[in-house]
Peer 1: 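Structure incoming, see below.
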Amino acid sequence: MSRVKAGKEGGEVIQESITSNVSEDVITLEFQKTDGTLITQIIDFRNEVRILKALVLGEEERGQSLYQVMCFVTKFIKGDFISSDAMAKLRQKNPSTIRIPEEDKGKEAFIMTSWVHLNRSMAISRHLMTVCSEALDATYIRNVDLKAWAELPGSSISNLEAATEKFPDTLTSRCSEVTSLWAPCLCSLETCIGWYPCGLKYCKGKQGDSSAAAQTNYRCGIKTCRKCSQFTYYVRQKQLCLWDE
């Protein structure tokens, strides 16, 4: 396990926990935002799946429950995060140091198109049922990612689509545009991973050493990044999206 303090613009510092499970080929990153939102990101390398789970505290004075949990499932591009094996071999130094990412990858927008039926989700990732158990009616996915996973060995578009249910086609109103708390609308949630190891660094042998070994590259560190994601998805009532006003 590695714990790091990640800093960003504005002076906000968040402590992250990053764990690697080499046998499962999975990396888990978790942190709590200053507003109490708990973010958990699972990278399933075997299935090229990223699961981002958000536990958002409710506004009880406005009739919301204590908290709600959403899961956003997207295709993971290999190379956007160091491997689980490389992560497991990292040695933490100076855990109290505030880490600043070397590269800001900006914000990526995800327009979710369907719900996931968790009891059929093994075709997508075996981790979905466990990670998103509290988001039975709030686990979301994109059709474009289903088609991409179908190209992987052993995958089937029919099995993948059988695990999902498409949103109603007629809904176009954003929650910020809807006045009734009980009307369906399109919600938007943004979250940022302020620091994560996005790649490995390689160095060459020392200058002046003419041996063959010195001319080869060797691993000499990690590259770190920051990236934001904005998810747009269907909610059955605006009451579930009060932050998007």
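A quick note: this is a predicted structure, and the numbers were derived from the prediction, not measured. The figures here come from the full heavy-atom set of this structure, side chains too, leaving out hydrogens, waters and symmetry mates.
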Peer 1: Taking K75 for its side chain and A148 for its backbone only, find out whether a donor-acceptor pair lies under 3.5 Å.
Peer 2: no

Peer 1: Would you say that F31 contacts Q15 through its side chain, given a criterion of any heavy-atom pair below 4.5 Å between the two side chains?
Peer 2: no

Peer 1: Could you tell me which non-hydrogen atom of P101 sits nearest to which non-hydrogen atom of G194, and how far apart they are?
Peer 2: CG-O, 3.3 Å

Peer 1: Group every Ile, Leu, Val, Met, Phe, Trp and Tyr by side-chain heavy-atom contacts under 4.5 Å, then state whether V131 and L136 land in the same group.
Peer 2: yes

Peer 1: What's the separation between atom NZ in K33 and atom OG1 in T191, rounded to the nearest 0.5 Å?
Peer 2: 4.5 Å

Peer 1: Write down the atom of I18, the atom of P197, and the distance for their closest heavy-atom approach.
Peer 2: CD1-CD, 4.1 Å

Peer 1: Check this for me: does any side-chain nitrogen of one of K201 and E102 sit under 4.0 Å from a carboxylate oxygen of the other?
Peer 2: yes

Peer 1: Do C185 and E177 touch side chain to side chain, with heavy atoms closer than 4.5 Å?
Peer 2: no

Peer 1: Looking at S84 and D25, would you say the former's side chain and the latter's main chain have a donor-acceptor pair under 3.5 Å?
Peer 2: no

Peer 1: Just checking, is any N or O donor in the side chain of D85 or S83 under 3.5 Å from an acceptor N or O on the other one?
Peer 2: no

Peer 1: CD1 of I27 to OG of S20: how many Å apart, nearest 0.5 Å?
Peer 2: 5.0 Å

Peer 1: Return yes when the gap between the SG atoms of C241 and C175 is under 2.5 Å; return no otherwise.
Peer 2: no

Peer 1: Do D137 and T139 come close enough that some side-chain heavy atom pair is under 4.5 Å?
Peer 2: no

Peer 1: Between L29 and L55, is there a shared hydrophobic cluster once you connect ILVMFWY residues whose side-chain heavy atoms come closer than 4.5 Å?
Peer 2: no

Peer 1: Begin with the C-alpha distance, continue with both residues' side-chain angles, and end with the deciding distance and a verdict on side-chain hydrogen bond (donor to acceptor under 3.5 Å, both in side chains) for E30 and T40.
Peer 2: CA-CA 4 Å; E30 191 169 56; T40 304; 2.7 Å; yes

Peer 1: Answer with yes or no whether the hydrophobic clustering places W195 together with L52; edges join I, L, V, M, F, W, Y residues whose side-chain heavy atoms lie under 4.5 Å apart.
Peer 2: yes

Peer 1: side-chain contact (heavy atoms from CB on, under 4.5 Å), that's the test. Do R50 and S229 meet it? Break it down for me.
Peer 2: CA-CA 12 Å; R50 178 183 76 147; S229 300; 3.4 Å; yes

Peer 1: Distance only, no hydrogens: is a donor on one side chain within 3.5 Å (strictly under) of an acceptor on the other, for N143 and T113?
Peer 2: no

Peer 1: Would you kindly confirm whether I42 and V116 end up in one hydrophobic cluster when ILVMFWY residues are joined by side chain heavy atoms under 4.5 Å apart?
Peer 2: yes

Peer 1: Quick one: sort the F167 and W115 rings into parallel, tilted or perpendicular, breaks at 30° and 60°.
Peer 2: perpendicular

Peer 1: Using the six-membered ring wherever Trp is involved, compare the ring planes of Y196 and F81 and label them parallel, tilted or perpendicular (cut-offs 30° and 60°).
Peer 2: parallel

Peer 1: For I39 and A54, which heavy atoms make the closest approach, and how far apart are they?
Peer 2: CD1-CB, 3.8 Å

Peer 1: Using a 3.5 Å distance criterion without hydrogens, assess whether the side chain of T164 forms a donor-acceptor pair with backbone atoms of S114.
Peer 2: no

Peer 1: Write down the atom of S125, the atom of I51, and the distance for their closest heavy-atom approach.
Peer 2: OG-CD1, 4.4 Å

Peer 1: May I ask you to test the C132-L118 pair for a side-chain heavy-atom distance under 4.5 Å?
Peer 2: yes

Peer 1: Give a yes or no on whether V235 and V73 share a hydrophobic cluster (residues Ile, Leu, Val, Met, Phe, Trp, Tyr; joining criterion: side-chain heavy atoms under 4.5 Å apart).
Peer 2: no

Peer 1: Flag the pair S155 / E48 as yes when at least one side-chain heavy-atom distance between them is below 4.5 Å, and no otherwise.
Peer 2: no

Peer 1: Nearest 0.5 Å, please: how far is CD1 in I124 from NE2 in H117?
Peer 2: 10.0 Å

Peer 1: Just by distance, do the side chain of E59 and the backbone of L242 share a donor-acceptor pair under 3.5 Å?
Peer 2: no

Peer 1: Quick check for you: to the nearest 0.5 Å, what is the distance between T28 atom OG1 and H127 atom NE2?
Peer 2: 8.5 Å

Peer 1: Just how far is it from atom CZ of R226 to atom NZ of K107, taken to the nearest 0.5 Å?
Peer 2: 10.5 Å

Peer 1: Using the side chain to side chain contact (heavy atoms under 4.5 Å, CB included) definition, which of the options T74, V144, L189 pairs with F110?
Peer 2: T74

Peer 1: Is there side-chain contact between S188 and Q230, with heavy atoms separated by less than 4.5 Å?
Peer 2: yes

Peer 1: Would you say the side chain of R126 lies within less than 4.5 Å of the side chain of E24, judging by non-hydrogen atoms?
Peer 2: yes

Peer 1: Testing the basics here: between C71 and A135, what is the closest heavy-atom pair and its distance to 0.1 Å?
Peer 2: N-CB, 4.2 Å

Peer 1: With a 4.0 Å cut-off on N to O distance, would you call E134 and K53 a salt bridge?
Peer 2: no

Peer 1: What I'd like to find out is whether the side chain of I82 reaches to under 4.5 Å of the side chain of M87, using heavy atoms alone.
Peer 2: yes

Peer 1: Using the ring-ring contact (aromatic ring centres under 6.0 Å, His included) rule, collect all pairs that involve residues 39-65, keeping only residues at least two apart or in two chains.
Peer 2: F45-F76

Peer 1: If every non-hydrogen atom of L146 is compared with every non-hydrogen atom of E161, which pair is closest and at what distance?
Peer 2: CD1-CG, 4.4 Å

Peer 1: Check this for me: N119, atom CG, are more than 12 non-hydrogen atoms of other residues, nucleotides or ligands nearer than 6.0 Å?
Peer 2: yes

Peer 1: Working to the nearest 0.5 angstrom, can you tell me the gap between I14 CD1 and I98 CD1?
Peer 2: 11.5 Å

